[in-house]
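One structure is given here, and the rest of the page talks about it.
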Amino acid sequence: MNYLDLMDDRRPPAPSNAIRALEQHIGAPLPAPYKELLAQSDGGGFDRCGVELPWRNDRTVLDVLFTTHPTDSYGVIDNYDVYRGMNRIPRLSCPSAPDPGGDLFLLSLEEDSYGQVFYWDHEHEPVDGGDMFADFPNTNELAPDLETFILGLGEG
């Protein structure tokens, strides 16, 4: 899929070694559509960015995509380490973007939900965290895969 046509903030492509380093850091392969997106634009944003949250009867926006660049404040690895280090996100998840309210868009890397896009709500976190998506009732599935999610973005 050509993601660049849908983006209003394009960045240089992520080097293949940075994508491999991200996979090694998390300990799981990334879904092909996400690797394809990173290979086209390492970070950036979409022209249409509105996201429906039907379980809350609300909307949010996809703020900006995280980058593989290790020293960027919007870095995937830095955000994974911060949230996972405090047991706030599932072990086999990849934070791909924040929303303006401090919540996250996560990609599942777990076998039974691999590639699905979830919304992580920081205001409803479980006290003890956990390892699996099932341990986090504050995560809700947004789309079965990244392509479906991005194609479903609406006006912000």
Not counting sequence neighbours, which residues clear ring-ring contact (aromatic ring centres under 6.0 Å, His included) with Phe105? List them please.
Tyr119, Phe149
Just to verify, what does Tyr83 make a ring-ring contact (aromatic ring centres under 6.0 Å, His included) with, not counting sequence neighbours?
Trp120
Taking side-chain hydrogen bond (donor to acceptor under 3.5 Å, both in side chains) as the test, write out the residues that go with Glu52, two or more places apart.
Arg59
Which pairs with one or both residues in residues 4-48 pass ring pair (Phe, Tyr, Trp, His ring centres under 6.0 Å), sequence neighbours excluded?
none
The criterion is side-chain contact (heavy atoms from CB on, under 4.5 Å); which residues satisfy it with Glu23, sequence neighbours excluded?
Arg20, Pro29, Leu30, Lys35
The criterion is ring-ring contact (aromatic ring centres under 6.0 Å, His included); which residues satisfy it with Phe118, sequence neighbours excluded?
Phe133
With sequence neighbours left out, the residues meeting side-chain contact (heavy atoms from CB on, under 4.5 Å) with Pro137 are Pro126
Apply salt bridge (charged side-chain N to carboxylate O under 4.0 Å, His left out) to Arg88 and list each qualifying residue two or more places apart in sequence or on a separate chain.
Glu125
Among all residues two or more places apart in sequence or in another chain, which pass the side-chain contact (heavy atoms from CB on, under 4.5 Å) test with Leu151?
Met1, Leu6
Contact list for residues 130-146, test salt bridge (charged side-chain N to carboxylate O under 4.0 Å, His left out), sequence neighbours left out
Arg84-Asp131
Those residues that, when tested against Asn57, pass side-chain contact (heavy atoms from CB on, under 4.5 Å) (two or more places apart):
none
With Asp112 via salt bridge (charged side-chain N to carboxylate O under 4.0 Å, His left out) - residues at least two apart:
none
